[in-house]
Amino acid sequence: MHEDLLNGLNEPQREAVLHTEGPLLVLAGPGSGKTRVITRRAAYLARTVVAPRHILAITFTNKAAREMRERIESLEVDRGMTVATFHAFCARMLREYHDVAGLPRNFTILDREDRRKLIKQAVEECALHDANWAPGKIEPVISRAKNALQGHADFTESASDWQARQIAKIFEAYETLLTRMGGLDFDDLLMRVALMLEKNASFRDQLENRFRYVLVDEYQDTNLAQYRIARMLARDRENLCATGDPDQSIYGWRGADIGNILSFERDYPRANVVKLEENYRSTKRILAAADALIASNVHRKAKTLWTQNAEGARVRVTEFETSDQEAKFIAEEIRRLSDEGTSPKEIAVIYRVNSLSRGIEEAVLRAGVRYQVARGVEFYNRKEIKDVLAYLRLLVNPADEMSFLRAVNTPPRGIGDTTVDRLVQMARSSGRSVYETVMGGGLEGLGRSAGKVRQFGELLRLLGESLAKPAADAIAFVVSQSGLRAHYGQVVDDEGSAMGNLDELISAAAELQSERPDATLVDWLEHTALQSEVDSVKSEGGRVTLMTLHAAKGLEFDVVYIIGLEEGLMPFFREDMASDEEEERRLCFVGMTRARKSLTLSLARFRMIRGRFERSVRSPFLRELPKDQLEWVEADDEEPDARREKKSSRLPDDIDEWSVGTVVQHPLHGLGRVIGMTRTRLTHVDVEFDDGSTRQWVLEYAPLTRVELESQADCD
DNA sequence: AATATTCCCGTTTTT
DNA sequence: CGGGAATATT
């Protein structure tokens with residue numbers, strides 16, 4: 001029975017689909033048909049064991065959730081299953097149990113920009129407005145704390161040094177601001193639910209009874225909060241199915257804990273473990289190379305990746321003299337491939353850091369290849385969109401001061417900083433919100449601006465009418481009445497017309513309305529807050545894709561180029577910051593396993609970094625690849641032997657002996673003195689010579705000799 | 001309020 | 001080198 005769900009599955013895949021009771025861990029290698037297995041398993045559960053409404057499937061991205069939902073629905077299963085991201089699930093629960101959670105019903109969800117603004121405000125309130133306390137530095141600290149279920153109180157308690165205590169103060173001020181505005185940031189959604197599940201037995205019982213079968217996809221990417229949520233939901237029944245691949249855990253820096261998946265069997269001793277090791281994506285050689293690389297990791301569960309696919313071509317390693325040559329070669333090859341009939345959308349260029357995209361973009365443009373950069377320029381982060389959202393958020397949650405401050409003079413209506421400051425002062429001294437201050441009377445103190453502020457109050461009153469309308473109508477009403485339509489009517493930038501984006505926003509709302517007729521404006525705001533991209537922004541036409549290794553996870557292409565296989569870039573590291581070499585290796589593994597038929601790893605001996613060419617060293621990862629699967633291509637022409645001679649570099653120990661003031665000898669320029677030294681990935685020295693000229697070198701490779709003076713010799 | 005200028009800084013970013 | 005943000009200028 002239910003043969004349709006088992007059709008075309010291999011043995012371990014079947015086993016996973018048919019496992020219904022108790023904990024299950026599906027270790028799914030790249031290209032092993034994981035999505036197929038989990039959607040069929042969900043369908044099987046729903047058909048044979050339990051009503052769909054008792055099944056909860058959690059993903060990390062909206063895209064994954066959407067895809068899973070669609071695929072499950074296509075398997076003839078009744079609707080009613082909850083398929084959501086961790087964040088959406090938590091938001092929904094907090095909305096539903098807002099009184100238990102002690103939250104206002106209409107709490108606002110802050111995105112990263114909002115959070116940054118609020119942290120900035122917190123920094124200012126702590127009178128620390130130095131550059132040392134850039135919100136961008138504080139934000140990840142707070143975020144990591146929350147992901148590890150540390151609230152500001154815990155953080156304060158464990159703050160040992162001065163710096164940590166300052167951050168603790170900012171953290172606390174930030175929390176106060178959040179509470180005052182009735183806001184939650186992304187991390188709060190998870191933390192709140194995790195803590196409630198642990199502290200509130202009745203809440204946990206209700207949820208556990210409702211979600212009797214839980215599935216968590218990409219389990220290797222769970223942080224502590226997410227781990228605990230899964231744990232508590234499945235505490236008694238242990239009907240938890242975790243799927244993922246420790247070898248593809250690449251978000252440790254964001255709090256994801258690979259230990260969660262590695263210790264699944266310890267957490268759930270009854271667990272059935274299924275390994276999906278057959279790869280349906282790549283050629284034998286690509287898979288063998290990737291498998292050999294990842295084998296160097298210690299922190300993993302051994303898997304034997306294999307495939308029935310063709311052997312294929314060797315993995316190519318191309319080495320260029322400069323990054324310009326690298327880019328040109330790749331661009332021209334892509335040009336040729338697409339002329340020969342390879343669809344550009346089957347080609348990807350992947351890199352470790354976004355800054356590497358530029359060189360490729362320029363070259364690809366010159367070669368006449370159409371491309372798209374898959375970067376996170378999110379639709380909902382566009383200025384005009386956030387302007388409208390500010391109005392809507394303010395209407396729904398008048399305590400949302402941030403939105404008030406944005407809306408009050410957008411579009412410009414002559415309410416300047418001074419007036420706004422005074423309004424805020426008035427609000428503070430009366431203990432009311434700014435919104436209430438404007439809506440109440442007593443604005444005389446504002447002098448000439450009072451009229452304009454009153455007018456704004458009238459506008460808000462008028463816009464308040466839209467709360468009763470369906471979301472799409474409400475948005476349209478706000479866009480026109482607020483003056484945003486007039487303001488943005490003509491604006492067109494490189495991302496398209498602002499008004500076009502606003503119209504798109506309206507139609508997206510209409511779409512949601514037709515799917516969920518009972519959706520309120522609050523629901524819609526929640527939906528947009530948790531949705532970074534929008535369907536229509538998806539790849540149009542046949543374009544080559546340029547993206548980071550992180551962005552490449554989950555995708556596949558016939559032809560893949562990974563560029564910058566150089567020490568410091570891949571694996572990425574900086575002298576001053578520790579990096580996780582195994583995670584870097586996993587990242588490389590993820591990149592390699594994106595390729596179906598052709599994989600090229602490329603490097604350049606000199607790379608343009610911030611406007612200057614820097615000497616680079618081959619990535620140690622290249623040495624870990626099996627030679628018999630590789631084809632080395634020395635793509636450079638000039639004086640290969642001369643280069644090889646020069647490759648010996650100065651050792652770190654020696655470099656430590658150098659400092660400003662060191663006297664040096666250069667074969668051409670003679671005696672000089674070091675007047676500047678910067679250490680980054682490599683060490684740059686500025687040397688001043690007797691004739692007054694200054695020159696710069698990369699110390700590791702410069703033909704400079706240190707001249708010992710007597711006074712320096714003493715130090716030895 | 002819009003525009004010019006300077007200064008700082010520089011991984012990855014599912015929500 | 002180049003983007004973003006904080007200043008300075010008109």
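Reminder, nothing fancy here: chain letters follow the sequence lines and each chain counts from 1.
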Between the protein and nucleotides 3-10 of chain C, list the N/O to N/O atom pairs that are separated by less than 3.5 angstrom.
unit_1	atom_1	unit_2	atom_2	d
dA6(C)	OP1	Lys120(A)	NZ	3.4

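- Within 4.0 Å of Gly255(A), counting heavy atoms only, lies no atom of the nucleic acid at all.
- dT13(B) sits 15 Å from dG4(C) when the P atoms are compared, rounded to a whole Å.
- Comparing dA5(C) with dT12(B), their P atoms sit 16 Å apart, to the nearest whole Å.
- In this structure, the CD atom of Gln248(A) is 20 Å from the P atom of dT12(B), given to the nearest Å.
- The nearest whole Å value for the distance from the NZ atom in Lys146(A) to the C1' atom in dT15(B) is 14 Å.
- A salt bridge does not link Glu113(A) to Arg116(A): none of the charged side-chain nitrogens sits closer than 4.0 Å to a carboxylate oxygen.
- Checked for salt-bridge contact, Glu581(A) and Arg585(A) meet the test: a charged N lies under 4.0 Å from a carboxylate O.
- Arg71(A) meets the salt bridge (Lys or Arg N to Asp or Glu O under 4.0 Å) test with Glu67(A); sequence neighbours excluded.
- Under the rule for a salt bridge (Lys or Arg N to Asp or Glu O under 4.0 Å), Lys452(A) has no partner lying at least two apart in sequence or in another chain.
- Closest approach to the Pro412(A) side chain among dT11(B), dG10(B), dA2(B) is made by dA2(B) (side chain taken as heavy atoms from C-beta onward).
- Contacts of Tyr251(A) with the nucleic acid, taken as non-hydrogen atoms under 4.0 Å apart, include base atoms.
- Summarising the geometry, the separation between CD on Gln226(A) and P on dT14(B) is reported as 14 Å, rounded to the nearest angstrom.
- An OP1 or OP2 oxygen of dT12(B) is reached within less than 4.0 angstrom by a side-chain nitrogen or oxygen of Asn354(A).
- The residue among Lys553(A) and Ala578(A) whose nearest nucleotide of DNA chain B lies closer to the 5′ end is Ala578(A).
- Contacts of Arg574(A) classified as side chain to side chain contact (heavy atoms under 4.5 Å, CB included), with partners at least two apart in sequence or in another chain: Phe572(A), Asp576(A), Met577(A).
- The base of dT15(B) sits within donor-acceptor range of the side chain of Arg254(A), with an N or O pair under 3.5 Å.
- One finds no side-chain N or O of Thr59(A) lying less than 4.0 angstrom from the OP1 or OP2 phosphate oxygen of dT14(B).
- The distance from atom CZ of Arg112(A) to atom P of dT12(B) is 11 Å, rounded to the nearest whole Å.
- Qualifying salt bridge (Lys or Arg N to Asp or Glu O under 4.0 Å) partners for Asp387(A), counting only residues two or more places apart in sequence or in other chains: Arg406(A).
- Residue Arg612(A) is classed as having no contact, given no heavy-atom separation below 4.0 Å to the nucleic acid.
- Closest approach to the Arg574(A) side chain among dT13(B), dT15(B), dT11(B) is made by dT11(B) (side chain taken as heavy atoms from C-beta onward).
- No salt bridge links Arg92(A) with Glu526(A); every basic N to acidic carboxylate O contact stays at or beyond 4.0 Å.
- The separation between Arg92(A) atom CZ and dT15(B) atom C1' is 14 Å, rounded to whole Å.
- Ring-base stacking between Trp253(A) and dT12(B) is satisfied, the centre separation being under 5.5 Å and the plane angle under 30°.
- Among the atoms of the strands shown, none is found under 4.0 Å from any heavy atom of Asn223(A).
- Taking the nucleotide of DNA chain B with the nearest heavy atom to each of Glu584(A) and Ile415(A), the more 5' of the two is matched to Ile415(A).
- Look at CG on Asp221(A): it is 18 Å from P on dT12(B), rounded to the nearest Å.
- Following rounding to the nearest Å, Leu356(A) (CG) and dG2(C) (C1') show an atom-to-atom distance of 15 Å.
- Here the C1' atom of nucleotide dT13(B) and the CD1 atom of Ile250(A) are 10 Å apart, to the nearest Å.
- Looking at residues two or more places apart in sequence or on another chain, you find a salt bridge (Lys or Arg N to Asp or Glu O under 4.0 Å) between Asp185(A) and Arg115(A), Lys146(A).
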